[in-house]
Number of protein chains: 4
Amino acid sequence: MAPLNEEQLHQIRDERRDQIIVAAIKVFARRGIIGTKMSMIAAEAGISHGLLYHYFTSKEELFTMLVEDAMVGAEEAMSSIYDLPGSPIEKIRALTMEILDESGTPYFMLIHHARTSEGVPEKVKELIDQNDMDAFIERLLPLFRDGQQAGEIVDGNPEELISSYLSVLSGLMVVNAQGIGGYRLPEVDMLLRLIARP
Amino acid sequence: MAPLNEEQLHQIRDERRDQIIVAAIKVFARRGIIGTKMSMIAAEAGISHGLLYHYFTSKEELFTMLVEDAMVGAEEAMSSIYDLPGSPIEKIRALTMEILDESGTPYFMLIHHARTSEGVPEKVKELIDQNDMDAFIERLLPLFRDGQQAGEIVDGNPEELISSYLSVLSGLMVVNAQGIGGYRLPEVDMLLRLIARP
Amino acid sequence: MAPLNEEQLHQIRDERRDQIIVAAIKVFARRGIIGTKMSMIAAEAGISHGLLYHYFTSKEELFTMLVEDAMVGAEEAMSSIYDLPGSPIEKIRALTMEILDESGTPYFMLIHHARTSEGVPEKVKELIDQNDMDAFIERLLPLFRDGQQAGEIVDGNPEELISSYLSVLSGLMVVNAQGIGGYRLPEVDMLLRLIARP
Amino acid sequence: MAPLNEEQLHQIRDERRDQIIVAAIKVFARRGIIGTKMSMIAAEAGISHGLLYHYFTSKEELFTMLVEDAMVGAEEAMSSIYDLPGSPIEKIRALTMEILDESGTPYFMLIHHARTSEGVPEKVKELIDQNDMDAFIERLLPLFRDGQQAGEIVDGNPEELISSYLSVLSGLMVVNAQGIGGYRLPEVDMLLRLIARP
DNA sequence: GATGAATGAGTGTTCATTCAT
DNA sequence: AATGAATGAACACTCATTCAT
């Protein structure tokens, strides 16, 4: 009796959801939560604003979901480097390149906006504050320790090294995110000097 | 019945203007142009929101003026290091500390917001894009060249070095500006490794 | 391949229509025309909201039709008491119980909402206003006259007696309709004191 | 320095508040909380809708406040009859007339809507459910007991008598509230027969 | 100069209704 | 006939800006 079978329906829904998500990441990343109008997302996704609300209950919910996804994605990226071949410093080089790679930027922008904007549910901010940097440090600690023992990485408190290094990367992503120009993304080799032993 | 003479009135005007400017920098820097409500600035300045409009025609005008001032101020800071004693790298160290110093942050945040926000007249954005980084490079070029010749600074295209270095500093200011935590400001010595010869 | 013959289709149509009508009465009676969403009716009827529009052109049309039906039904109930045995006051007692009986309430609520809501076409309101009470008075007039002559009913203008009595009953239905509590449905004997000679 | 002194300001505020309250009661009473648009209240009060929000945070808050006020007012009306001269039944007659008087109707409509509508904060519904009828019964109990002892009021559980009687009055107000006609407000003497000993 | 009441354009969200399948 | 994705008009609420005092 059903005019569209279960599967077709499911497919449409998934397509639309993805359309919306892609559009939303793009707009949110550029403009933040306050600067983003639902109508912008709808326009970017090529649908009516009403349809957004078939898929997401509210702007807040949509943003929150994206941030959570972004955090999972960031952590996965962080973890994945252990599977890579090479010495610690080479792994860090690979990670650095992946982070600064254009495709990853929107996720970091999302997290940045989540941290600094107003309209974000307190719940999300706490989630980010607690999770974020500490979780990343946790992940990278073994790698940096190895690097220090191997003499590839400068001495000093490894937690501080990691958080400093990640802060630099985050900052670069934020200022570079909008292609609006002016800033320059340093070469990876330059960035590695922050932590690499000469 | 004439309660205030010309001069006193003038003085009040200037005082009020300054109050507003200080308050506006503070709020704009933290929240950006969209996230800032005129009422917030008024509250921060301790005046009524109506009075704002005696001094500035609009939110946009106020923001624009602050950005322009900030750019002048940043350039002055840049220039002033030539008056400092010490080797090139020591001057850069001093500049770095000044930039990252809390008091300077709002100006950079303003410029950052001007670059990335919507409500800003295109005219201002262009002004910033073209002026900003190039002007800074111009200023610092002699210093970096000296450093390279003295063997204190790594080889390579000095313009790229400068813009990379300033991009890192800008990024750090942006992610650190809100005291919201998570990020860590690296030590100056660590940052200097980006450009200093070992 | 012709899976259903004319008659079966017709039967389905009628069944669906009835499902919708029953559901709509229930929801409209409780929540009024504004408070009722088409999706509520669809859910109550166990069908999709899209299907509603195969059977009724609009919410307004559906509501209007129900009200008209309700008025016919109410008038029939009014008339039927003449077939009952017993003295006038006993007939009125029976009518009172039937009206206040839970099953009859939705119809009166519908009429009440039709009278007081906005979305209802003015045409329907007028219909109700003119028809409603006067038609009922017409129907009951012989009964009340008989009762007065038999000394069972208090003296006075019978039209006024009837409309007052019916107003009391209507009011009680309205305030009791939602089981939300607080109000109490008086005993029939108490209500009859409004018109019965002691 | 202040352009309008404290007192003038206060007066304006009070005037506006009252304007709004009067307008809101009128519109809410007629159309309920869902059927009432803020723009209707603004129009009725002769102000812009924006100004409503200088005085009340939200539609819900406005409605809630009115209901609370109405309940206080209703209780005061209830209590005041003890100050009246006359026998119990005469006091009840006076109360009945006051309740049914046109000026009191909006308050009861408000309470009615609060009880039956959807958009009402659960908090208010509970407040009403618990308070409302029981509080009224409490107030009137001594009076009805006196009346029964004096032989003016019929025998039977006085709480039930009171709640039945008040339910009848409430119902009449609801069906009569909109001047839309059809219904008839019974004479006080007729209503008193519900409880008065012949 | 100073205040805050007042306005209205703009944004998030809901829901009746349409339509491809 | 039946479904649910899709649209857009309507409404609550916010906030930059104006203006009487």
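Order of the sequence lines sets the chain letters (A, B, ...), proteins ahead of strands, with each chain counted from 1. Please read these numbers as outputs of a predicted model, since none were measured by experiment.
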### Query
What integer distance in Å separates C/M38:CE from F/dG4:P?
16 Å
### Task
With sequence neighbours excluded, tell me which residues meet side chain to side chain donor-acceptor pair (under 3.5 Å) with A/Q19.
none
### Query
Among pairs that include at least one residue of residues 40-70 of chain C, which meet ring-ring contact (aromatic ring centres under 6.0 Å, His included), considering only residues two or more places apart or in two chains?
C/F28-C/F63
### Query
For B/L62 and B/A24, which heavy atoms make the closest approach, and how far apart are they?
CD2-CB, 4.0 Å
### Message
Nearest heavy atom decides the nucleotide; on that basis, is C/I34 or A/I34 closer to the 5' end of DNA chain E?
### Response
A/I34
### Query
Is there a residue in residues 51-59 of chain D whose heavy atoms reach under 4.0 Å of DNA chain E, and which residues are they?
D/L51, D/H54, D/Y55
#### Entry: Secondary-structure stems, DNA chain F, at least 3 Watson-Crick or G-U base pairs under 3.5 Å
E:2-21 with F:2-21
### Task
Test for a donor-acceptor pair under 3.5 Å between the base of E/dA5 and the side chain of B/H49, counting only N and O atoms.
yes
## Note on the structure
Heavy-atom nearest nucleotide on DNA chain F taken for D/T36 and for B/K37; more 5' hit belongs to D/T36
### Query
From the list E/dT7, F/dG4, F/dA1, which nucleotide is the closest neighbour of the side chain of D/S48?
E/dT7
### Message
Heavy-atom nearest nucleotide on DNA chain E for B/I47 versus D/G46: which residue maps closer to 5'?
### Response
B/I47
### Task
Provide, to the nearest angstrom, the distance between the CD atom belonging to A/Q8 and the C1' atom belonging to F/dA5.
13 Å
### Query
Does anything in residues 21-28 of chain C reach DNA chain F, meaning a heavy atom under 4.0 Å, and if so which residues?
none
#### Entry: Residues within residues 13-20 of chain D bordering DNA chain E, heavy-atom distance below 4.0 Å
D/R13, D/R16
### Task
Of all the heavy-atom pairs spanning A/S117 and A/V120, show the shortest one and how long it is.
CB-CG2, 3.9 Å
